[in-house]
2 protein chains.
Amino acid sequence: MHIPNTFDANCPTRLILDRIADKWTVLALALLMGGPVRFNELRRRIDGVSQKMLSQTLKSLERDGLVSRKATPTVPVTVEYSITPLGATLAATIDGLRVWAECNINDVLAAQKRYDAV
Amino acid sequence: MHIPNTFDANCPTRLILDRIADKWTVLALALLMGGPVRFNELRRRIDGVSQKMLSQTLKSLERDGLVSRKATPTVPVTVEYSITPLGATLAATIDGLRVWAECNINDVLAAQKRYDAV
DNA sequence: CTGGATCCGGTCAGATACTG
DNA sequence: CAGTATCTGACCGGATCCAG
């Protein structure tokens, strides 16, 4: 398995990337790795996400089979989102990105500073 | 090292994600893993990218210290983009995503089909 | 060949209000 | 609590033209 030398508009990589390459998706998946979380709880934990965006993000994740939604008809209703086995494998991959970010953020910021100084 | 339970608007993860969470960035990085590539060559290999978007993407990547740009003053000028050591570590991480995509695209598509059928 | 500058239509995302 | 509906301004990205 090695890197292709072209990326066709609808190769698997592009199809997946077009779907998950937004920050909310990645953040939601990462948080759900810790166990089931309810809607508003998720909203609180992801700083700056609007309820509209979170709603859309979760719906897409559910459609892709990466997250499952369970509503219990209490009053008021409570909804729990949890990661699916498939989603968990993706989240594990994505977590590598988070780790990279935490390890290398300083190098990136330094590079930006150097670049902007010119 | 474990997953945080909140994502602050300017935590490292968010800062990095806000920068690289677009398809062009990821695809360009992946392609540059194979060695230096020139502008138009890159353009051809990434199906559908406009020169404007590619230009912007490469400039951002250069600013972040992930890619280096080398112009040789031939006539006409030729410009070669190559990945930096820092960029290579990110690309390796990102490649995990590409691999995941290729392995699981069918499961995702099947899930979508199931979801849409309802 | 490798871009920058500009214009412009479409989409996205925030704000707000409302529902079960 | 967990969303949906609508409206609107901002931004993105494509097309085109131009320059070094």
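Computed from a predicted structure; not experimentally measured. Numbers restart at 1 for each chain; the letters A, B, ... are given by sequence-line order, proteins then strands.
- Taking only side-chain nitrogens and oxygens, B:Ser55 never comes nearer than 4.0 Å to OP1 or OP2 of C:dT2.
- Within the 3.5 Å criterion, the main-chain N or O of A:Thr74 finds no donor-acceptor partner in the side chain of A:Thr72.
- One atom, NZ of B:Lys59, and another, P of C:dA5, lie 7 Å apart when rounded to the nearest Å.
- With hydrogens and angles ignored, the 3.5 Å screen pairs a side-chain donor or acceptor of A:Thr93 with a backbone N or O of A:Thr89.
- Heavy-atom contacts of chain A under 4.0 Å fall on DNA chain D between two terminal nucleotides, which in 5' to 3' order are D:dC1 to D:dT4.
- A side chain to side chain contact (heavy atoms under 4.5 Å, CB included) with A:Leu66 is found for exactly one of A:Leu90, A:Ile83, A:Thr25, namely A:Leu90.
- For B:Leu54 and C:dG3, the CG to C1' distance is 10 Å, given to the nearest whole Å.
- Contact annotation: B:Tyr81 reaches the phosphate of C:dG3 (side-chain N/O to OP1 or OP2, under 4.0 Å).
- Screening A:Ile20, A:Asp95, A:Val67 for a side chain to side chain contact (heavy atoms under 4.5 Å, CB included) involving A:Leu29 leaves a single residue, A:Val67.
- Position along DNA chain D of the nearest nucleotide to A:Val77 versus B:Lys23 favours A:Val77 as the more 5'-ward residue.
- Counting only N and O atoms by type, the side chains of A:Ser68 and A:Thr84 include no donor and acceptor under 3.5 Å apart.
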Check step by step if salt bridge (Lys or Arg N to Asp or Glu O under 4.0 Å) holds for A:Arg44 and A:Glu41. CA-CA 5 Å; A:Arg44 271 188 297 275; A:Glu41 176 71 14; 3.1 Å; yes
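- Protein atom CG of B:Leu58 is 11 Å distant from nucleotide atom P of C:dT2, rounded to whole Å.
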Shorter than 3.5 Å, N or O on both sides, protein versus nucleotides 12-15 of chain C: list them out with atom names.
residue : atom : partner : partner atom : Å
C:dA13  : N7   : A:Lys52 : NZ           : 3.0
C:dG14  : OP2  : A:Ser50 : OG           : 3.2
C:dG14  : O6   : A:Lys52 : NZ           : 2.5

Apply the test salt bridge (Lys or Arg N to Asp or Glu O under 4.0 Å) to residues B:Asp8 and B:Arg14: give CA-CA distance (whole Å), side-chain angles for both, the deciding distance (0.1 Å), then the verdict. CA-CA 7 Å; B:Asp8 193 64; B:Arg14 293 285 293 270; over 6 Å; no
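- Looking at B:Arg43, its side chain does come within 3.5 Å of a backbone N or O of B:Val49 through a donor-acceptor pair.
- Put simply, B:Arg43 has no side-chain N or O that comes within less than 4.0 Å of OP1 or OP2 on C:dC1.
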